[in-house]
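Written below as structure tokens is the structure these notes are about.
Excluded from the calculations below are hydrogen atoms, water molecules and symmetry mates; all remaining heavy atoms, backbone and side chain alike, are included. Note on naming: letters A, B, ... go to the chains in the order of the sequence lines (proteins, then strands), and numbering restarts at 1 for each one.
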Protein chains: 2
Amino acid sequence: MTTEARIPLSRERVLQAAVALADEHGLRAVTMRRLAEELGAEAMSLYYHVAKKEDVLDGIVEVVAEEINDVVARVDRGPDWKQTARRRILAARRVFLRHRWAPALFGTRSSTSIAVLKYYDSLVGLMREGGFSHDRIHHALHALGSRALGFSQELFDPNAGASAEVPAELAAQLPNLVGMLSEIAHDDPDSTLGWCDDQAEFEFGLDLILDGLDRLREP
Amino acid sequence: MTTEARIPLSRERVLQAAVALADEHGLRAVTMRRLAEELGAEAMSLYYHVAKKEDVLDGIVEVVAEEINDVVARVDRGPDWKQTARRRILAARRVFLRHRWAPALFGTRSSTSIAVLKYYDSLVGLMREGGFSHDRIHHALHALGSRALGFSQELFDPNAGASAEVPAELAAQLPNLVGMLSEIAHDDPDSTLGWCDDQAEFEFGLDLILDGLDRLREP
DNA sequence: ACCTGAACACCGTTCAAGT
DNA sequence: ACCTGAACACCGTTCAAGT
């Protein structure tokens, strides 16, 4: 951290620093001022390399999506389209496990990242080779939604309820949920991603959809 | 807007105003100062009725979830668990169509709203009556994710690509996607919710999952 | 070409003070 | 009990000015 070592700023350096900052302190910590500090510069200097904060956020989505594409490119093909898709999606998922803030951010972007488009493009190609019509593939992409990229949006966390103390008064209003949770011993509470989405559950939902799609496949 | 008409503030009034503000100008417009202005008060007055802004956001999630529960309670039962679940979920979805900002917000809440828990509780009850084990239901909730509440997270918008002009250079890198989109004439571009999630596509994905679950049902 | 200081308009939130 | 004014620490962003 000497004053002499001044690597010049660049869009790429800014984005790398933003990803590192989010990894370490969460997305909330990614502020123009904090980001600049991390780079040993002033906040205003960033604006020479980046249009505005939204641009930074779009940029780090792109960085993560490219990371996914790199990983996915190294995935071996399976015996059929379904196995290959499954392996790719689970590989993509592993990237999100390294960037826990990413699912929430991906969900808020309005313009789609080019790397994400490329990811979907290769998925379309895979399904095409697997014998699907374009129309079916289009439906499939919607059906998969964010699952195609390796994460899913959960709106409540059954695991959290199992461990946390539920007030008796509330529990009385949730007889079915409490009944279910009390019966389920969840052994793997650690490997959760985003909104309670552990590996086994993710794979269950994914296979349900992939199997359903496979059944619809034209011969 | 006379100065005499001063309905006193209350937590409920604050939350109602916040929902109205988000409906009209988006979630970004919901700031403590703007919200107070809308209520004819000062920003600092809100803090008497609400702990902090996060509390307001949790509160409006609760308001929307209660709206969903009201609507769902009036849904007739179908011939079987699957049809009933389907009707409930599509009814819930209609509420999100009235509050387009809500899916993004629901996704960011860490603590689960009581109304959302009640919604899931009744879904668990329905599946229980339908013959599912608690374990299967637990899996089912994960598989459905946010779809159980009527929306799904899409990460790129095939419809947007169809209408928008894709630069030739990029199109060359996305042969499969471009091929698919050029073949698909999408006639219903209006009824989209959140991340390109039109009615037909939502139902396709939902039915894929519900059918898959039904097939797994214990006799 | 690249970076910065000062400044602006806007946040959420506190606290002591008003009625 | 309920509301407010002044103030604080923090944002993103501009613009003219420095090297």
Give me the one residue out of B:V61, B:D58, B:V64 that meets side-chain contact (heavy atoms from CB on, under 4.5 Å) with B:L105.
B:V61
Excluding sequence neighbours, so at least two apart, what forms salt bridge (Lys or Arg N to Asp or Glu O under 4.0 Å) with B:E62?
none
Quick one: closest heavy-atom pair of A:L46 and A:M32, and the distance?
CD1-O, 3.2 Å
Mark up nucleotides 13-19 of chain D, 5' to 3', with B wherever a protein heavy atom is under 4.0 angstrom from a base atom, S wherever such an atom reaches only the sugar-phosphate, and - elsewhere.
BB-----
B:L46 CG - D:dC2 C1' separation (whole Å)
13 Å
Specify the separation, in whole Å, of atom CG of B:L39 and atom P of D:dC2.
16 Å
Regarding B:H138 and B:H142, is there a side-chain donor-to-acceptor distance under 3.5 Å anywhere?
yes
Can you tell me the distance, in whole Å, between the CD atom of B:E37 and the P atom of D:dT4?
13 Å
Any chance you could encode DNA chain D as dot-bracket? Rule is Watson-Crick or G-U wobble with both distances under 3.5 Å; [ ] for pairs crossing earlier ones, | for another strand.
||.|||||...|||||.||
Touch class at under 4.0 angstrom, heavy-atom based, for B:T31 against every strand present:
sugar-phosphate
Apply the test side-chain contact (heavy atoms from CB on, under 4.5 Å) to residues B:L90 and B:F202: give CA-CA distance (whole Å), side-chain angles for both, the deciding distance (0.1 Å), then the verdict.
CA-CA 9 Å; B:L90 294 179; B:F202 183 83; 3.9 Å; yes
Ignoring hydrogens and angles, state whether a donor on the side chain of A:E203 or A:Q199 is under 3.5 Å from an acceptor on the partner side chain.
yes
What's the separation between atom CD1 in B:I68 and atom OG in B:S113, rounded to the nearest 0.5 Å?
9.0 Å
What is the distance, to the nearest angstrom, from the CG atom on A:L35 to the C1' atom on D:dC10?
16 Å
Distance check needed: D:dC3 C1' versus B:I7 CD1, whole Å only.
16 Å
Whole-Å distance separating the CD atom of A:E42 from the C1' atom of C:dG5:
8 Å
B:S45 side chain: which of D:dC3, C:dA1, C:dT4 is closest?
D:dC3
Measure CZ/B:R34 against P/C:dG12 and give the value in whole Å, please.
12 Å
Any non-hydrogen side-chain atom of A:Y119 less than 4.5 Å from a side-chain atom of A:L149?
yes
Is the A:F96 ring parallel, tilted or perpendicular to the A:F106 ring (thresholds 30°, 60°)?
perpendicular
To the nearest angstrom, the CZ-P distance between B:R28 and D:dC11 comes to 17 Å
Is B:H49 close enough to D:dC3 that one of its side-chain N or O atoms is under 4.0 Å from OP1 or OP2 there?
yes
